[in-house]
Peer 1: 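There's a structure below that I have some questions on.
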Amino acid sequence: MGNRKAYIRIEGGEEIELPVLSGTMGADVIDIRNLGKHGLFTYDPGYVSTASCSSKITFIDGDEGVLLHRGYPIEQLAEHADFIEVCHLLYYGELPTMAQKQEFDFVIRHHTMVNDQVTSFFKGFRRDAHPMAVMVSVVGALSAFYQDSGDVTDPLHREISAHRLIAKVPTIAAMSFKYNTGMPFAYPKNSLSYAANFLHMMFSTPCEEYVPNPVMVRALDRIFILHADHEQNASTSTVRLAGSSGTNPFACIAAGIASLWGPAHGGANEAVLKMLEEIGDVAHIPKFIERAKDKKNPFRLMGFGHRVYKNFDPRANLMRQTCHKVLNELGAHDDRLFQIALELERIALEDKYFIEKKLYPNVDFYSGIVLRAIGIPTNMFTAIFAISRTIGWITQWDEMISDPEQKIGRPRQLFTGPEKRDFVPISLRE
Ligand code: CMC
């Protein structure tokens, strides 16, 4: 961990010595844990410069556009692995052997069904409820079902919760879609792969079998891989914070789904598609670019910018390739929205504002176009992100619980409200 020191000198006061910790890669961090003893806290809204934990799972170098899961580059995983292997890698720390993969795959396939009582929750929702609203509630409701594995201090209980979540979140997502469209639920089919099974649950009906196209299955599997984990992003930090009190894992993942839903995070893929529809024609792009640059206008180019990536998002490059593959397969390369996206990317990458602020297309810029080509309706895009990120959330949650340094998350604040004052009876208030 190194033995460098950092010093804080308070004007007219003492000098405080703080250890500097080094990881295996990435920026060093100043260990400020003892600062509170000196009556001082750090101030960092949005945690822009704060490492909230130590982690062995995912490494990002935002300047170089590097994303590694347990050391493996995302490009290699997206090219050579499938989502089930990536889940194994994230949760257990190693790529599986053939036998381990078969066993893990078997376990996940045999946890896909939800308790039949779960179906009755759906009936309480309006038919037009957003699938993410339904998922927050129904995934949270799973916490009422598994009394056999509720001890979060037991690694085996945590493991079975992880298996259940990886297997059941796609089932719940597909049920949310079926309910939304007034169709009967489709039971999972354990003979199918993870991605093919999801497409089956989305699109098969009692009257018609759905035969998944292998190119679409591979594209969806790649979307799952590219969204699987992303170190301490908003939803993952939410899961860690919720879990830091020792609460139930299903409740923690429901909290992660809630955080993911926002347009600044996982909701961006849905927002990108809506934006492309609104632009409508390449001729209108300059008007939208001007709106995005106008300080007085809250509009942002959705799918552009990232807190960590300041050169390029490696996931966006891979998603762009997938987009080409899928549209080629469908013979839809002249797809109107894809053409608008390409032109928008070209103009934004040449524009001084976007260059100076280091705003590049992120993973969600292209994922919406791929999902739309697969036939997924726009309001399901963020639900698909939630399916993919469940493995990241549950792995990070497990790592947190196993960490001997783990404490309940409890940030401090810089108070800027009124000083102490006396109560005034209502009859005397002006
Ligand atoms: N369009 C126009 N201007 C932008 C954009 C954008 N998409 N993103 C950032 N900016 C500007 C922003 O106005 C600010 O300008 P100034 O310095 O003059 O005030 C500057 O760039 C820095 O922005 P910020 O909001 O301080 O940066 P952040 O790190 O807090 O936010 C972000 C990162 C991803 C929330 C933001 O870039 C954004 O809102 N992008 C659009 C939404 C989006 O695509 N989100 C998906 C992120 S990737 C998938 C995921 O992780 O969920």
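We count ligands from 1, going down the list as the structure has it; atoms in each ligand are counted the same way.
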Peer 1: Run the salt-bridge test on E94 and R70 with the 4.0 Å N-O cut-off and return the result as yes or no.
Peer 2: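 Salt bridge flag = no for R70 with E94.
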Peer 1: Please check if the side chain of N269 supplies one atom and the backbone of F381 the other of a donor-acceptor pair under 3.5 Å.
Peer 2: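 Yes.
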Peer 1: Rounded to the nearest 0.5 Å, what separates atom CD1 in I387 from atom OG1 in T171?
Peer 2: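 Answer rounded to 0.5 Å: 8.5 Å.
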Peer 1: Can you see whether E231 engages S55 through a side-chain donor-acceptor pair at a distance of less than 3.5 angstrom?
Peer 2: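 Per modelled atom types, E231 and S55 side chains form no pair under 3.5 Å.
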Peer 1: Please table the atom pairs, donor to acceptor, closer than 3.5 Å between any side-chain atom in residues 296-306 and protein atoms at least two apart or in another chain.
Peer 2:
residue : atom : partner : partner atom : Å
N297    : OD1  : F299    : N            : 3.0
H306    : ND1  : V308    : N            : 2.9
H306    : ND1  : Y309    : N            : 3.3

Peer 1: Would you check if the side chain of Y179 reaches a backbone N or O of F122 as a donor-acceptor pair within less than 3.5 Å?
Peer 2: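 At least one qualifying donor-acceptor pair exists.
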Peer 1: Hey, what polar pairs (N/O, under 3.5 Å) does ligand 1 make with protein?
Peer 2:
residue  : atom   : partner : partner atom : Å
ligand 1 : 1 (N)  : L301    : N            : 3.1
ligand 1 : 3 (N)  : Y353    : OH           : 3.0
ligand 1 : 7 (N)  : L301    : O            : 2.8
ligand 1 : 7 (N)  : F304    : O            : 2.9
ligand 1 : 13 (O) : R300    : NH2          : 3.4
ligand 1 : 18 (O) : K295    : NZ           : 2.6
ligand 1 : 18 (O) : K357    : NZ           : 2.8
ligand 1 : 19 (O) : K295    : NZ           : 2.9
ligand 1 : 25 (O) : R300    : NH1          : 3.0
ligand 1 : 25 (O) : R300    : NH2          : 2.9
ligand 1 : 29 (O) : R307    : NE           : 2.8
ligand 1 : 30 (O) : R307    : NH2          : 3.0
ligand 1 : 39 (O) : R300    : NH1          : 2.9
ligand 1 : 40 (N) : F304    : O            : 2.9
ligand 1 : 44 (O) : G303    : N            : 2.9
ligand 1 : 44 (O) : N362    : ND2          : 2.9
ligand 1 : 45 (N) : A264    : O            : 3.1
ligand 1 : 52 (O) : H265    : O            : 3.3
ligand 1 : 52 (O) : H265    : ND1          : 2.6

